[in-house]
Structure formats: structure tokens, C-alpha cells
Asks: 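I am attaching a structure below and will ask some questions about it afterwards.
Everything numeric in this text was worked out from a predicted model, so none of it was measured.
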Amino acid sequence: MTDIDKLTGLFEALGADDAPGWADSEVEENLPQLARYRFLRKVWQDIDAWSSTAPDWVEAYRKEGLAGDAVERAVRLGLTPGELGEIAREVAKETAFGLLYSLADPTDGDLPPEVEEQLPGWCLAELSPEGEPTGRILDALYEDLDEIEPQGPVEGVR
């Protein structure tokens, strides 16, 4: 089995629609595509949980929590847990995009350039399966967030 075959199999195991394309990109461009895909897949699992678990969190929020009053009012006005879940999912998606964008570009424009240039940045780096740094950075993750968005209805909604 070649490296490309192994990578393709790993992408398929993660559910990538274009597993061969992701694997080719990793090999040909030396990009940490498997690490990128795995990370973004986890981000999407967290985003989708807002809709797939909506009945549970809506009920819990109605009982207690900072948003409890707002959730209770929304339900009394006729919004279903599924509809609230769809709203929460979109908020989570926008928040994830903003965080991923900030990871790539930490400048916020609120500070003078002479201050910005003195501030540290950050990055997300790939580790080997053994936990050792590979030296490859997962950059511009926001660019691929929409590309791996799960398609179709999420179980538990409505």
C-alpha cells in the first residue's frame, strides 16, 4: 500500500467526500490536509450538536442558565426546539468561522500598528500520531470550513 492509498483510506474513514483529492493535496503540496480535515470535522461535530441535541439543551436551558428566560419566551412564542437548534447552529458556525479566521490573522484593527507589531501571534500545528511536532502548520482553516460542511439533514432536528 502506498502513502497515497493509506491517506485516501484515512480520509475515507473520516467521511471525506473527495478523499483522493485531499490525499493528493497532502502528498503533492506537502500540506497537513489530514490534520486539517480531522480538526475541521471535529469543529463541525460541535457545530452540528447545537441542532442535533436541540431538544435536550432547550429543555435544560428552560430550567436554568443565562439564556433560560429567552429560550422560554421563544418556546412560548411557538419556536420548536428544532428551529431553535437551527438558529444556534448558525450562530455556532459564524463563531467557529470567526475563531478560525482570527487564528490565521490575529490583528483586529483596534490597535495602532506600532502596538500590533509587538504582539505575539499563534498557530495550530500538526503532531505526528506519536505526539511529535511535524513542523507543518494548519493555516487558513476558515477557508475550508464550508467545504466540509455536512450535507443533508442532521438527525434529531424537528
Side-chain angles (χ1 to χ4, degrees), residues 1-58 60-61 65-67 82-158:
M1 176 180 291
T2 67
D3 285 345
I4 195 86
D5 293 334
K6 181 180 177 184
L7 274 172
T8 300
L10 290 170
F11 278 109
E12 288 170 348
L14 290 173
D17 287 337
D18 182 16
W22 284 93
D24 285 343
S25 176
E26 173 136 355
V27 170
E28 292 174 15
E29 301 170 59
N30 192 32
L31 295 173
Q33 298 291 40
L34 187 60
R36 291 173 65 84
Y37 191 92
R38 182 181 186 199
F39 182 81
L40 291 171
R41 178 178 179 264
K42 176 63 176 132
V43 170
W44 272 112
Q45 288 172 341
D46 290 347
I47 291 169
D48 278 343
W50 284 101
S51 55
S52 64
T53 65
D56 297 331
W57 68 256
V58 166
Y61 278 42
L66 295 176
E83 290 167 332
L84 289 171
E86 289 173 18
I87 293 167
R89 182 186 185 276
E90 285 304 306
V91 171
K93 178 182 172 183
E94 292 299 319
T95 301
F97 181 88
L99 288 170
L100 294 173
Y101 191 88
S102 293
L103 185 61
D105 182 8
T107 60
D108 60 15
D110 290 345
L111 299 169
E114 61 273 9
V115 173
E116 284 282 359
E117 65 191 23
Q118 298 179 60
L119 296 175
W122 43 73
C123 70
L124 184 62
E126 178 188 50
L127 300 177
S128 71
E130 296 78 30
E132 298 295 323
T134 66
R136 300 192 307 178
I137 304 299
L138 284 69
D139 195 24
L141 288 162
Y142 66 92
E143 292 178 353
D144 289 328
L145 183 65
D146 285 342
E147 183 174 335
I148 71 161
E149 180 174 5
Q151 302 301 311
V154 176
E155 289 185 32
V157 175
R158 295 188 209 275

Asks: Take a 6.0 Å sphere around CG of Leu119 and say whether it holds more than 12 heavy atoms from other residues, nucleotides or ligands.
Replies: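 Result for CG/Leu119: enclosed.
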Asks: Between CZ of Arg38 and CG of Leu14, what distance do you get to the nearest 0.5 Å?
Replies: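 Arg38 CZ to Leu14 CG: 7.5 Å, rounded to 0.5 Å.
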Asks: Below 4.5 Å, heavy atoms only, C-beta onward: do Leu145 and Leu141 meet side chain to side chain?
Replies: no
Asks: Of all the heavy-atom pairs spanning Arg136 and Pro32, show the shortest one and how long it is.
Replies: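 Heavy-atom minimum between the residues: NH2-CA, 3.5 Å.
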Asks: Might you point out which heavy atoms bring Trp57 and Ala88 nearest each other, and give the distance in Å?
Replies: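 It is CZ2-CB, 3.6 Å.
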Asks: Taking the side chain as every heavy atom from C-beta outward, state whether Leu103 and Leu124 have any pair of such atoms under 4.5 Å apart.
Replies: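 Heavy-atom side-chain distance check passes, below 4.5 Å.
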Asks: OG/Ser25 to CG/Asn30 distance, rounded to the nearest 0.5 angstrom?
Replies: 10.0 Å
Asks: Evaluate the side chain to side chain contact (heavy atoms under 4.5 Å, CB included) criterion for residues Phe39 and Leu100: first the C-alpha distance (whole Å), next the side-chain angles of each, then the deciding distance (0.1 Å), finally the verdict.
Replies: CA-CA 11 Å; Phe39 182 81; Leu100 294 173; 3.7 Å; yes
Asks: Considering only heavy atoms from C-beta outward, does the side chain of Glu116 approach that of Asp108 to under 4.5 Å?
Replies: yes
Asks: For the backbone of Pro106 and the side chain of Ser102, can you confirm whether one donor and one acceptor N or O come within less than 3.5 Å of each other?
Replies: no
Asks: Is the closest side-chain heavy-atom distance between Asp48 and Pro150 below 4.5 Å?
Replies: yes
Asks: Any chance CG of Asp17 has more than 12 other-residue heavy atoms, nucleotides or ligands included, within less than 6.0 Å?
Replies: no
Asks: State plainly whether the residues Glu12 and Lys6 are in salt-bridge range, i.e. N to O under 4.0 Å.
Replies: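 Answer for the salt bridge query: no.
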Asks: Do side-chain atoms of Thr107 reach the backbone of Gly109 as a donor and acceptor pair under 3.5 angstrom?
Replies: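 Side chain of Thr107 to backbone of Gly109, a donor-acceptor pair under 3.5 Å: no, none is there.
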Asks: Measure the spacing between CD of Glu28 and CD of Gln33 and express it to the nearest 0.5 Å.
Replies: 11.0 Å
Asks: Hey, could you give me the CD/CG distance between Glu26 and Leu7, rounded to the nearest 0.5 Å?
Replies: 5.0 Å
Asks: Give a yes or no on whether the backbone of Leu31 and the side-chain of Arg36 come within a donor-acceptor separation of less than 3.5 Å.
Replies: no
Asks: Give the C-alpha distance, both sets of side-chain angles, the deciding distance and a yes or no for side chain to side chain donor-acceptor pair (under 3.5 Å) between Glu132 and Ser128.
Replies: CA-CA 5 Å; Glu132 298 295 323; Ser128 71; over 6 Å; no
Asks: Can you see which heavy atom on Glu114 is nearest to which on Glu117, and at what distance?
Replies: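 Where Glu114 meets Glu117 most closely, the heavy atoms are O-CG, 3.5 Å.
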Asks: Counting only N and O atoms by type, is there a donor-acceptor contact under 3.5 Å from the side chain of Asp18 to the main-chain atoms of Gly21?
Replies: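 Such a contact is found between Asp18 side chain and Gly21 backbone.
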Asks: CG/Leu66 to OH/Tyr61 distance, rounded to the nearest 0.5 angstrom?
Replies: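 It is 9.0 Å, given to the nearest 0.5 Å.
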Asks: Flag the pair Trp44 / Lys93 as yes when at least one side-chain heavy-atom distance between them is below 4.5 Å, and no otherwise.
Replies: yes
Asks: With no hydrogens and no angle check, is any side-chain donor or acceptor of Trp22 less than 3.5 Å from a backbone partner on Ala16?
Replies: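 Side chain of Trp22 to backbone of Ala16, a donor-acceptor pair under 3.5 Å: no, none is there.
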Asks: Taking all non-hydrogen atoms of both residues, which atom of Ala104 and which atom of Tyr142 are closest, and how far apart?
Replies: CB-CE2, 3.7 Å
Asks: At what distance, to the nearest 0.5 angstrom, does CD of Glu94 lie from CZ of Phe97?
Replies: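 So the CD of Glu94 and the CZ of Phe97 are separated by 8.0 Å.
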Asks: Is the side chain of Glu126 donor-acceptor paired with the backbone N or O of Pro133 at a distance under 3.5 Å, no angle test?
Replies: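 Such a contact is absent between Glu126 side chain and Pro133 backbone.
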Asks: Closest approach of Ile137 and Ala125, non-hydrogen atoms and distance?
Replies: CD1-CB, 4.0 Å
Asks: Taking OH in Tyr101 as the centre, count heavy atoms belonging to other residues, nucleotides or ligands within less than 6.0 Å. Is the count above 12?
Replies: no
